[in-house]
Number of protein chains: 2
Amino acid sequence: MKSRPTIIDVAERAGVSKSTVSRVVADDGQGVSDRARERVEKAIEELGYVPNAVASSMRTARTNTIMLAIPDITNPYWPEVARGVQDVMDEEGYSVVFANSDWNTHRERKYLEMVRRNRLDGLLINPVGVSNDELKALAVPTVVLGLQQGITDFDIVGSNSYTASKTALDHLVSLGHRRIGLIWGQRQGRVKGPRLSAYTDFLRDAGIEQDENLIVSMPFSLAGGVEGMGRLLELERRPTAVYCDNDIIAIGALQAANNAGLRVPEDISVTGVDDIFAASTTTPPLTTVSKPKYDLGRQASRFLLEHIDQGTPDAPRTLLLSCQLRVRGSTAPPG
Amino acid sequence: MKSRPTIIDVAERAGVSKSTVSRVVADDGQGVSDRARERVEKAIEELGYVPNAVASSMRTARTNTIMLAIPDITNPYWPEVARGVQDVMDEEGYSVVFANSDWNTHRERKYLEMVRRNRLDGLLINPVGVSNDELKALAVPTVVLGLQQGITDFDIVGSNSYTASKTALDHLVSLGHRRIGLIWGQRQGRVKGPRLSAYTDFLRDAGIEQDENLIVSMPFSLAGGVEGMGRLLELERRPTAVYCDNDIIAIGALQAANNAGLRVPEDISVTGVDDIFAASTTTPPLTTVSKPKYDLGRQASRFLLEHIDQGTPDAPRTLLLSCQLRVRGSTAPPG
DNA sequence: TTGTAAGCGTTATCAT
DNA sequence: ATGATAACGCTTACAA
């Protein structure tokens, strides 16, 4: 049971030095005679030689591996983002290590340490607890996924939910709605939410009277949506439409409306945000604001690769991809 | 801009040798005096030393990293499996690299090569094209996810869909259905499907007349489900219930039934397999066979870790986790 | 208990 | 165009 052939075995077999073998493997178009190249390639073939990336990393201080740290791959929002990341990294010959922080700062910190120990080349992160400074202390090329309060020194790639929310609200208003509820998702004390300000700003600009009672704050879950819609339906003056902070909440709201014997959209309209798969399979299918999830992953990856190759640029950029309103069946003029 | 401190820096600062530092870092409870340990720990602290895993791998020939190769993380079935893998690997200090083959054998082969180059410690794979022999040639601890035809030399962790299908069929029959359609998912010429045999076997055992027309084969997609249900509804003698090969197909079938003006479950019952998130949010919610996706990931990981730690066992095992029937709203006695 | 020293498989520098 | 040779940072016999 002899172990894997090394560059030396190849060199011996080809009758050249390690250096030459290394040169043909690197394939930089460096100076190697055709004759030498041929013999080396033949030897590689015969021995089934596969270069040892670990040894290479040792010398070059590059691992060609990055980490993607997100809260939870099980949340229907993330797989597409992950796929975007995966695809561009793959093209560029990078491996991507996945990490699920589970909204747990402690776990998240462990991942940062893993990045250091394993000398990963970069980090793509949707931070749930770590600060701008901690990220800075990591001293590794980093791009942040999603708009985050307090992130000032890194490139950020997110989506323009402020504008997107306005589009959705505009859709509702143009249908004739004036009394619009908001089920707003609780983030753990971070971003107060472009979506909340979009709501307030929009209503003000549209000259619609604001009503504190129409705003409820709920966890990002089906149950949160159910509960939130429940609250809204208890109101004396019910909303005719409800704008939910994400699709999962919206689906919960849809269910609550159904359970209360209301028809959607005839009796009440509902909209969500994200456009996860399940949003298209409800009855009625959910009108929602589609986030460019896949592209978000791709763009963030491109930025990260730039940082890795060309060093972190002087001024951090914020790239906001635009969202798209997908009008489906859950919205209609007020009954 | 000095680079990261190495074990030598720590040694110097603590006034000991590298070996000693290495010993306290390894923390094997090896012979190290309390005094030495203290000084080393202090030095590590002060310097902010983080061991270089790459260098370590170089010596130990272990990377503490495995690869999870699946067709597509975007398919709602996989994220939970991935999460299971992630969680146990995390506990054991392993990183997991993700790879999406996209049902492309070529891509899949590239991933196998990546496993070699990067000297990964193990592979968890749902093979889409590579053969048992190719996997064997990899010579890396491997566990296969999902029952696969032709895999003879590896541990397999899957779910008992044969039994599960029978349970679902039994549910339908006990509700009174006798004419049960099957929308069967096309795999790329691999497993003919325990689900198909389950169907045939079950009907035979239940003394129900078989009808070729009730079996249609479709791609694993929403469109496939729509189309499949369409075919079934064109039949002179329509089925009163349809058993679908997975939830996505079932959801498509549900939509087709709705579009045809049929009520589910009053006019026709529908069941799926997998229990993806969207299955619980349709109207009516889908009765389905729930696969132990998370556990599947966990179990497969445990097997893999055994192989890594104790070497590949003599006889490959096949572990079939059992599925659970989830009766929801899409099934009822025939109208 | 501690230290010395020999690798691990590459890449990069410097001669030739 | 090619070859010696010195790192890279760690682990692990073996010696002391």
Side-chain angles (χ1 to χ4, degrees), chain A residues 2-41 43-44 47-65 93 115-121, chain B residues 1-41 43-44 47-65 93 114-121:
Chain A
K2 56 182 288 273
S3 69
R4 299 261 178 74
T6 76
I7 203 172
I8 297 188
D9 300 318
V10 176
E12 277 170 4
R13 177 148 200 144
V16 297
S17 71
K18 324 193 284 178
S19 318
T20 301
V21 176
S22 180
R23 284 181 191 111
V24 355
V25 169
D27 197 29
D28 293 359
Q30 291 295 340
V32 178
S33 66
D34 289 351
R35 184 162 158 289
R37 160 165 284 115
E38 247 169 45
R39 306 185 51 150
V40 169
E41 279 167 351
I44 287 177
L47 290 167
Y49 167 73
V50 177
N52 184 332
V54 175
S56 172
S57 295
M58 177 96 170
R59 266 304 320 222
T60 61
R62 302 274 260 87
T63 50
N64 292 304
T65 304
V115 169
R116 305 191 73 133
R117 301 177 67 91
N118 293 344
R119 300 300 194 260
L120 302 191
D121 294 338
Chain B
M1 191 67 193
K2 57 182 288 271
S3 69
R4 300 259 178 75
T6 76
I7 203 173
I8 297 189
D9 300 318
V10 176
E12 277 171 4
R13 176 146 200 147
V16 297
S17 72
K18 317 194 293 178
S19 326
T20 301
V21 176
S22 179
R23 285 181 191 111
V24 356
V25 169
D27 197 28
D28 294 358
Q30 290 295 342
V32 179
S33 67
D34 288 352
R35 184 162 160 289
R37 160 165 282 116
E38 245 170 46
R39 306 182 53 148
V40 169
E41 279 166 351
I44 287 177
L47 290 168
Y49 167 73
V50 177
N52 184 332
V54 174
S56 171
S57 294
M58 178 95 170
R59 271 300 320 225
T60 61
R62 303 273 260 86
T63 51
N64 291 305
T65 304
M114 199 183 250
V115 168
R116 305 191 74 135
R117 301 176 67 93
N118 294 344
R119 300 299 193 259
L120 303 190
D121 293 339

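Chain letters run A, B, ... following the sequence lines, proteins first and then strands; every chain starts at 1. Heavy atoms only: backbone and side chains are in, while hydrogens, waters and symmetry mates are out. Keep in mind that what you see is a predicted model, and the values were worked out from it rather than measured.
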Selected nucleotide, minimal atom distance to S33(B) side chain, candidates dT2(C), dG9(D), dT10(C): dT2(C)
R35(B) has an atom CZ; how far is it from atom C1' of dT1(C), in whole Å? 12 Å
So, the side chain of S57(A) versus the backbone of A53(A): is there a donor-acceptor pair under 3.5 Å, distance only? yes
Between dT12(D) (P) and I7(B) (CD1): distance, integer Å: 11 Å
At less than 3.5 Å, do the side-chain atoms of R23(B) and the base atoms of dG3(C) form a donor-acceptor pair? yes
Nucleotide nearest S22(B) when distance is taken to its side chain, options dG9(C), dA12(C), dT11(D): dT11(D)
Counting heavy atoms from C-beta on, name the nucleotide in dG9(D), dA1(D), dT10(C) closest to the side chain of Y49(A). dT10(C)
Which whole-number value in Å describes the distance from R117(A) CZ to dG9(D) C1'? 13 Å
Just compare dA12(C), dT12(D), dT2(D) and give me whichever is closest to any side-chain atom of T20(A). dT2(D)
Measure from the side-chain heavy atoms of S17(A) and tell me the nearest of dT11(C), dG9(C), dA4(D). dA4(D)
From CZ of R39(B) across to P of dT2(C) the rounded distance in Å is 11 Å
By nearest nucleotide on DNA chain D, pick out whichever of M58(B) and S19(B) is the more 5' one. M58(B)
Looking at dG9(D), dG3(D), dG3(C), which one has an atom nearest to any side-chain atom of V16(A)? dG3(D)
Is there, by distance only and without an angle test, a donor paired with an acceptor across the side chain of K18(A) and the base of dT10(C) below 3.5 Å? yes
What are the two closest non-hydrogen atoms of N118(A) and V54(B), and how far apart are they? O-CG2, 3.9 Å
Could you tell me whether the side chain of R59(B) has a donor or acceptor atom within less than 3.5 Å of a complementary atom in the base of dG9(D)? no
Validation row: L47(B), V10(B) side chains within 4.5 angstrom (heavy atoms): yes
What is the distance, rounded to the nearest whole Å, between atom CD of E12(B) and atom P of dG9(D)? 13 Å
Whole-Å distance, N52(B) CG to dC8(C) P, equals 18 Å
How close or far is atom C1' of dT11(C) from atom CG of N64(A), stated in whole angstroms? 14 Å
Side chain proximity check, D27(B) to R37(B), heavy atoms < 4.5 angstrom: yes
Counting any heavy atom closer than 4.0 Å, what does A36(A) reach on the DNA or RNA strands: base, sugar-phosphate only, or nothing? sugar-phosphate
Within the structure shown, what part of the strands sits under 4.0 Å from A61(A) by heavy-atom distance: base, sugar-phosphate, or nothing? nothing
Sorted by position of nearest nucleotide on DNA chain C, 5' first, the leading residue of A55(A) and G15(B) is G15(B)
Side chains of N52(A) and R119(B): does their closest heavy-atom pair fall under 4.5 Å? yes
How close or far is atom C1' of dT10(C) from atom CZ of R4(A), stated in whole angstroms? 16 Å
For the side chain of T60(B) and the backbone of S56(B), is there at least one donor-acceptor N/O pair under 3.5 Å apart? yes
